[in-house]
Each structure stands twice: as structure tokens, then as C-alpha cells.
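Only a predicted model underlies this, so the values are computations on that prediction, with no experimental measurement involved.
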Amino acid sequence: MELQVTTLEGKAAGSVQLSDEIFGLEPRTDLIQRCVNWQLAKRQAGTHKAKGRAEVWRTGKKMYKQKGTGGARHGSARVPQFRGGGRAFGPVVRSHAHDLPKKVRALALRHALSSKAKDGGLVVLENAEMKDAKTKALIGHFSGLGLTSALIIDGAELNAGFAMAARNIPHIDVLPIQGINVYDILRRQKLVLTKAALDALEARFK
């Protein structure tokens with residue numbers, strides 16, 4: 001697959017040949033969904049907590065005599081039936097993370113990249129560099145490129161000026177190649193890869 005390379009100013013800068021093993025797959029939604037669920041479950045805090053009957057401080061004295069009241073037989077006031085009692089089967093602090101094999105995660109990333117390439121949501125940028133960290137100037141560049149919701153992936157090191165200028169722009173995310181992930185790819189309309197990011201992806205999957 002061949003794709004045109006553009007500069008930040010919107011000028012043509014040649015073309016690149018994309019690997020069919022990374023960008024030419026037929027997207028499988030089941031793999032992508034498994035990876036997204038794994039990511040979201042892993043980052044869930046799991047700090048929810050409710051007190052059970054063993055953690056509630058109330059008297060343990062029998063509420064009233066066993067027989068002769070015509071009511072139900074109650075003992076402790078800590079039971080869930082009563083206001084102020086402990087909750088039955090309440091949430092506890094735990095991790096929501098579950099396992100997903102590394103090969104499945106890698107395959108899901110390739111399918112997410114292929115999905116963007118198939119839908120026409122893939123843009124190749126010559127580089128993501130700015131001398132001055134000016135957000136207004138970067139917004140102008142993005143408007144020229146038609147980028148309103150985009151994930152921008154650069155090489156191993158981000159350009160400080162570019163990253164600083166982009167961090168205040170809504171719906172624009174900038175990540176180094178190490179941070180590329182399925183969820184962030186799908187949550188933005190466009191995926192912008194620099195040539196350095198493409199080289200790193202080629203090296204990673206070969």
C-alpha cells in the first residue's frame with residue numbers, strides 16, 4: 001500500500017510504501033474489542049468499597065425476645081435488612097485487570113492500524129517538529145491538514161516544542177511510538193504517523 005507523505009505546512013513530501021502485514025489486514029472487530037476491554041479494565045481504579053456486617057459498629061445484643069412478638073426472629077442489628085446495617089455482597093477493593101496474551105495484543109494493534117488505513121483515516125507526516133511552542137500556529141497547520149480529532153505518533157523522542165504546543169488543543173493527542181495503543185487509535189478520527197514512527201513500527205513487527 002502506497003501513501004502520500006505530507007509536511008506540517010501541507011506540502012507534498014514524496015510517498016511511502018506501507019507493509020501489508022501491518023496496514024493491509026482485514027480488520028477483525030473481535031480482536032480489537034478484546035484489546036480495548038483489556039485496556040479499560042486494566043486502568044479501572046477498583047477503589048469502590050461498601051461495609052459488610054462484620055465492619056459495621058452496632059450492638060450485638062439480641063433486638064427483642066425470640067418468641068411472642070408476632071414478628072420475625074431477629075438477632076443482630078448489623079444485618080443488611082436494617083437501616084445502618086452492613087451491605088450484603090457489596091463491592092470490595094480489587095483489581096479489575098485480566099490477562100490478554102501478548103501475541104493477541106500485538107495482533108489487535110495491527111488490526112487497528114489496518115482499520116485506520118482501510119477507512120482512509122491514516123495520515124503520514126514527514127516530521128512533527130516546531131521550533132517555537134505556539135499553539136495558535138499549530139492549530140493553523142492542523143486546520144490546513146483537516147485534523148480536528150487526531151492521535152499523532154512520533155518516534156522514540158517527542159519534539160518538545162510540538163508536544164507543548166499540542167497539549168492544549170482539544171481532541172489532539174501526541175504520543176511517542178512506545179505509547180501507541182488500540183484504544184487511543186480508535187477514539188480519534190485520524191491517526192497521524194511520522195516517518196520515524198513508521199520505521200519504528202516496521203522494526204517492531206518484523
Side-chain angles (χ1 to χ4, degrees), residues 1 3 5-6 8 16-47 94-130 135 138 141-142 145-206:
M1 179 188 297
L3 209 63
V5 181
T6 182
L8 202 57
V16 289
Q17 191 70 29
L18 301 180
S19 171
D20 287 338
E21 295 179 359
I22 303 174
F23 297 95
L25 302 175
E26 187 63 33
R28 279 182 55 183
T29 55
D30 60 319
L31 281 175
I32 294 172
Q33 183 192 25
R34 283 180 66 187
C35 195
V36 169
N37 289 343
W38 171 78
Q39 279 187 249
L40 296 181
K42 190 178 180 182
R43 77 178 193 178
Q44 193 169 343
T47 52
R94 67 185 181 90
S95 170
H96 291 267
H98 57 265
D99 291 332
L100 190 66
K102 188 181 289 186
K103 288 184 178 180
V104 176
R105 302 197 308 253
L107 187 59
L109 179 57
R110 286 162 55 193
H111 278 269
L113 293 168
S114 297
S115 174
K116 282 296 180 189
K118 185 179 180 181
D119 295 342
L122 185 61
V123 178
V124 180
L125 205 61
E126 187 176 26
N127 56 55
E129 296 179 2
M130 286 186 76
T135 301
L138 191 57
H141 292 319
F142 286 162
L145 294 171
L147 300 178
T148 55
S149 172
L151 170 65
I152 301 166
I153 303 294
D154 202 357
E157 294 290 334
L158 292 177
N159 178 262
F162 186 90
M164 197 173 293
R167 67 185 180 183
N168 288 331
I169 305 175
H171 310 303
I172 298 291
D173 300 322
V174 181
L175 293 174
I177 187 62
Q178 304 94 304
I180 191 170
N181 63 87
V182 173
Y183 178 67
D184 281 333
I185 289 173
L186 296 180
R187 69 194 290 259
R188 299 299 180 209
Q189 291 178 1
K190 296 283 186 178
L191 173 63
V192 181
L193 298 174
T194 63
K195 292 181 77 174
L198 275 177
D199 293 340
L201 281 173
E202 294 274 354
R204 176 174 174 177
F205 287 114
K206 281 190 177 178

Are the side chains of [Y] and [X] in contact, using a 4.5 Å heavy-atom criterion?
{"X": "Arg34", "Y": "Asp30", "answer": "no"}
{"X": "Phe142", "Y": "Ile152", "answer": "yes"}
{"X": "Asn181", "Y": "Leu109", "answer": "no"}
{"X": "Glu129", "Y": "Phe162", "answer": "no"}
{"X": "Val16", "Y": "Lys195", "answer": "yes"}
{"X": "Glu26", "Y": "Ser114", "answer": "no"}
{"X": "Leu125", "Y": "Asn127", "answer": "no"}
{"X": "Leu3", "Y": "Phe23", "answer": "no"}

Please indicate whether [X] has more than 12 foreign heavy atoms, meaning atoms of other residues, nucleotides or ligands, lying under 6.0 Å from its [atom1].
{"X": "Arg105", "atom1": "CZ", "value": "yes"}
{"X": "Asp99", "atom1": "CG", "value": "no"}
{"X": "Glu157", "atom1": "CD", "value": "no"}
{"X": "His96", "atom1": "NE2", "value": "yes"}

Report the C-alpha distance between Val123 and Leu193 in whole Å, list the side-chain angles of each, state the deciding distance to 0.1 Å, and finish with yes or no for side-chain contact (heavy atoms from CB on, under 4.5 Å).
CA-CA 6 Å; Val123 178; Leu193 298 174; over 6 Å; no
Qualifying residue for side-chain contact (heavy atoms from CB on, under 4.5 Å) with Asp184, from Leu191, Ile153, Leu175:
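For Asp184, the side-chain contact (heavy atoms from CB on, under 4.5 Å) test succeeds with only one of Leu191, Ile153, Leu175, which is Leu175.
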Taking His111 for its side chain and Arg28 for its backbone only, find out whether a donor-acceptor pair lies under 3.5 Å.
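A pair under 3.5 Å: yes.
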As an exercise, state the distance from [atom1] of [X] to [atom2] of [Y], rounded to the nearest 0.5 Å.
{"X": "His171", "Y": "Thr148", "atom1": "NE2", "atom2": "OG1", "answer": "8.0 Å"}
{"X": "Met164", "Y": "Leu138", "atom1": "CE", "atom2": "CG", "answer": "13.0 Å"}
{"X": "Arg204", "Y": "Ile22", "atom1": "CZ", "atom2": "CD1", "answer": "9.5 Å"}
{"X": "Ser149", "Y": "Ile172", "atom1": "OG", "atom2": "CD1", "answer": "6.5 Å"}

Would Thr194 and Asp154 count as a side chain to side chain donor-acceptor pair (under 3.5 Å) if you check the C-alpha gap in whole Å, the side-chain angles of each, and the deciding distance to 0.1 Å?
CA-CA 5 Å; Thr194 63; Asp154 202 357; 2.9 Å; yes
Minimum heavy-atom separation for [X] and [Y], please, with both atom names.
{"X": "Gln17", "Y": "Met1", "answer": "NE2-N, 3.1 Å"}
{"X": "Gln178", "Y": "Gly155", "answer": "OE1-O, 4.1 Å"}
{"X": "His98", "Y": "Asn37", "answer": "CE1-O, 3.8 Å"}
{"X": "Ala108", "Y": "Cys35", "answer": "CB-CB, 3.6 Å"}
{"X": "Ala156", "Y": "Ile177", "answer": "N-CG2, 4.0 Å"}

Hydrogens and angles aside, do Thr135 and Asn168 bring a side-chain donor and acceptor to less than 3.5 Å of each other?
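Result is no, nothing qualifies.
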side-chain contact (heavy atoms from CB on, under 4.5 Å) between Val182 and Trp38: does it pass, once the steps are laid out?
CA-CA 10 Å; Val182 173; Trp38 171 78; over 6 Å; no
In chain order, what residues pass the side-chain hydrogen bond (donor to acceptor under 3.5 Å, both in side chains) check against Arg188, with sequence neighbours excluded?
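Result, side-chain hydrogen bond (donor to acceptor under 3.5 Å, both in side chains) vs Arg188: Asp173.
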For Lys116 and Ile185, run side-chain contact (heavy atoms from CB on, under 4.5 Å): C-alpha distance rounded to whole Å, both residues' side-chain angles, the deciding distance at 0.1 Å, then the answer.
CA-CA 8 Å; Lys116 282 296 180 189; Ile185 289 173; 3.7 Å; yes
For Glu21, is there an ion pair with Lys206 - N to carboxylate O distance below 4.0 angstrom?
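Answer for the salt bridge query: no.
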Show your working on side-chain contact (heavy atoms from CB on, under 4.5 Å) between Leu151 and Lys190 and close with a plain yes or no.
CA-CA 6 Å; Leu151 170 65; Lys190 296 283 186 178; over 6 Å; no
